[in-house]
Engineer: 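My structure is below; once you've seen it, I'll send some questions.
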Amino acid sequence: MARYDRAITVFSPDGHLFQVEYALEAVRKGNAAVGVRGTDIVVLGVEKKSAAKLQDSRSVRKIVSLDDHVALACAGLKADARILINKARIECQSHRLTVEDPVTVEFITRYIAGLQQKYTQSGGVRPFGLSTLIVGFDPYTGVPSLYQTDPSGTFSAWKANATGRNSNSMREFLEKNYKETSGQETVKLAIRALLEVVESGGKNIEVAVMTKEDGLRQLEEAEIDAIVAEIEAEKAAAEAAKNAPAAPKET
Amino acid sequence: MKCTLHFSYISSPGSHLISVFLLVDHLQSDLKDLIIKNTNMKLDTTGLETAAPVWGSHSELVDGFSAAPSFELPITTDFDGFQKEAVQMVKPAKGTTTLAFIFKEGVMVAADSRASMGGYISSQSVKKIIEINPYMLGTMAGGAADCQFWHRNLGIKCRLHELANKRRISVTGASKLLANILYSYRGMGLSVGTMIAGWDETGPGLYYVDSEGGRLKGMRFSVGSGSPYAYGVLDNGYRYDMSVEEAAELARRAIYHATFRDGASGGVASVYYVGPNGWKKLSGDDVGELHYKYYPVMPSTVEQEMVEVAGA
């Protein structure tokens, strides 16, 4: 098997592209990232590794905007992410220039996925080691969307998804607890999913929300702390409610 | 001269194929040929061409745009003069009359059907309104071949856009695509003066696009040698809130008057209407018959009559 993972362009006898699978491994080692789509809002949340004391945390924004109405979060190799994001931003503007219309979320996702695929089918290059979560609103219909791409170049739309470290547990949580939400409820759902795998606290998660009117907004640490506190209170109340009915039976 | 040769071969188990990839640094082509001739193998260099983007050959900014078309330039001493001559030779006076205007109910498009080569009328039945797709029309003025080909090409691009994006392209987008193509051929002798009229999600749209690369959005346009005459009638009779029949009649009259005064316009006045459900051809009337419809022959009293004089 060893001789089938050296060059990207070679299939293994049982149909694997090992370089692509190794890229997916790199993604699994990256930060946890979660995205949730609400009826009028989309939320992206990313795990923030505790910043070094001397590091300026504003320079390591993990959630970026591609255009006024599209934002992206990713898990995996951050250097690869920079290149992909730059190309995507240029494509957003190029689209505005050639057809005088902003991109749709599906269009730019397709473009990014196409780029990732191109690098799985060329000689001498390796795939991008990141999966992206792309959110945004359709510029005409105002419908919110969430898409995910991965190093193999596939993409699909989701109601809620997670990628990166412990993404399976986050996705399980989302599958159990997802329902159509809007506004603050959507934000809470995203943060609750992240808290399953990340130490709680505003310092360890970065959250951004996007609405049709206001575009992308990064939440302040204080705001996140407040929501986390709300979530913990709700959890405690639920625990208490679970234990309370048992009490009357005892008497 | 330093040269290093690298050999590597990849063989797959169970097959007898061996490919040899040769990488040669800093060699001049004649030396390379010498080596190739002396090694009695057919070197397969297709593997050296990668599908990956060539690194560093163009800047990040150009990545998103496709290269402008180009062809080999002719060898002349005075290329600028040659270019001017070529443009002058190919630039016909756009002998035609086409017009289009937006009104309350949609877009009205009309054109004549005469093709002329200098003073010779080569055809009286040219289709100058080109159907790009069921909800978009283009008009033809200038070189007939240029207009027909590029409109057809635009139709292809619009359809591909629909298939890729699952929604129709806007009139804005379609006219921008055409304008960009024509701009990239600027100075190479294309002669196109067209109007793109259509109905999209934002309502009726009308753009004028020409081979100089210009693109204008507007409510009323007329293009061609007969356009001054058509503008006179069109601007005089235009109101935004007309019915479809009134607008059609205005368009028909404007074309008729242009064909009456302009020698390069004539034949049949076709009128098309573009509404929310797409375009529909309303009428195609011979302008000669239109003349007698608008100005019927009245019997008039004879003022002087010549009679035979009886033998003097």
Side-chain angles (χ1 to χ4, degrees), chain A residues 1-4 6-13 19 66-67 82-128 138-143 145 157, chain B residues 8-15 19 21 23 45-55 58-66 154 157-158 160-184 196 200-203 205 207 209 215-217:
Chain A
M1 278 301 160
R3 59 164 68 150
Y4 295 105
R6 197 86 13 107
I8 181 66
T9 45
V10 182
F11 272 108
S12 71
Q19 284 297 311
L66 298 180
D67 201 345
R82 208 177 53 236
I83 302 298
L84 215 50
I85 289 167
N86 284 341
K87 291 197 183 182
R89 281 174 170 164
I90 290 175
E91 181 62 22
C92 285
Q93 298 310 312
S94 167
H95 186 275
R96 276 184 189 259
L97 191 60
T98 46
V99 289
E100 281 193 3
D101 275 329
V103 293
T104 55
V105 189
E106 201 251 342
F107 181 94
I108 196 64
T109 307
R110 199 156 18 98
Y111 176 78
I112 290 175
L115 268 180
Q116 287 181 297
Q117 192 278 342
K118 219 194 297 202
Y119 284 66
T120 69
Q121 211 177 7
S122 305
V125 296
R126 63 162 175 82
F128 287 98
D138 187 301
Y140 316 98
T141 58
V143 170
S145 342
Chain B
S8 61
Y9 49 80
I10 297 167
S11 62
S12 50
S15 94
S19 315
F21 293 91
L23 290 172
T45 51
T46 53
L48 290 174
E49 295 137 40
T50 63
V54 182
W55 301 107
H58 45 74
S59 72
E60 277 290 296
L61 279 171
V62 184
D63 255 27
F65 305 87
S66 51
L154 180 64
K157 286 207 163 63
C158 290
L160 288 175
H161 180 102
E162 251 182 67
L163 287 170
N165 296 296
K166 293 183 213 141
R167 55 151 38 111
R168 282 184 185 166
I169 193 171
S170 59
V171 184
T172 314
S175 60
K176 194 86 189 246
L177 283 178
L178 183 63
N180 287 339
I181 293 169
L182 294 178
Y183 181 77
S184 63
I196 305 292
D200 61 29
E201 281 167 354
T202 60
Y207 286 83
V209 179
R215 173 173 167 268
L216 299 171
K217 184 173 152 84

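Naming: A, B, ... by sequence-line order, numbering from 1 per chain. Note that the structure is a prediction, hence the values are computed from the model and not measured.
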Engineer: If I measure from the heavy atoms of chain A, does B/Asn180 come under 4.5 Å with its side chain, its backbone, both, or neither?
Structural biologist: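 Answer is side chain: those atoms of B/Asn180 sit under 4.5 Å from chain A.
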Engineer: If we define contacts as heavy-atom pairs under 4.5 Å, which of B/Ser175, B/Gly173, B/Ser170 has the most with chain A?
Structural biologist: B/Gly173
Engineer: Surrounding CZ of A/Phe107 (heavy atoms of other residues, nucleotides or ligands, distance under 6.0 Å), is the total greater than 12?
Structural biologist: yes
Engineer: Looking at side-chain heavy atoms only, is the closest gap between A/Gln93 and A/Asp67 below 4.5 Å?
Structural biologist: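 The answer is yes; the side chains approach within 4.5 Å.
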Engineer: At a heavy-atom separation under 4.5 Å, does B/Ala164 approach chain A through its side chain, its backbone, both, or neither?
Structural biologist: both
Engineer: Salt bridge check, A/Lys87 against A/Glu91: does any charged N sit closer than 4.0 Å to a carboxylate O?
Structural biologist: no
Engineer: Does B/His161 reach the main-chain N or O of B/Arg168 with its side chain, forming a donor-acceptor pair under 3.5 Å?
Structural biologist: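 Absent.
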Engineer: Heavy-atom distances under 4.5 Å only: say whether B/Thr202 touches chain A with side chain, backbone, both or neither.
Structural biologist: neither
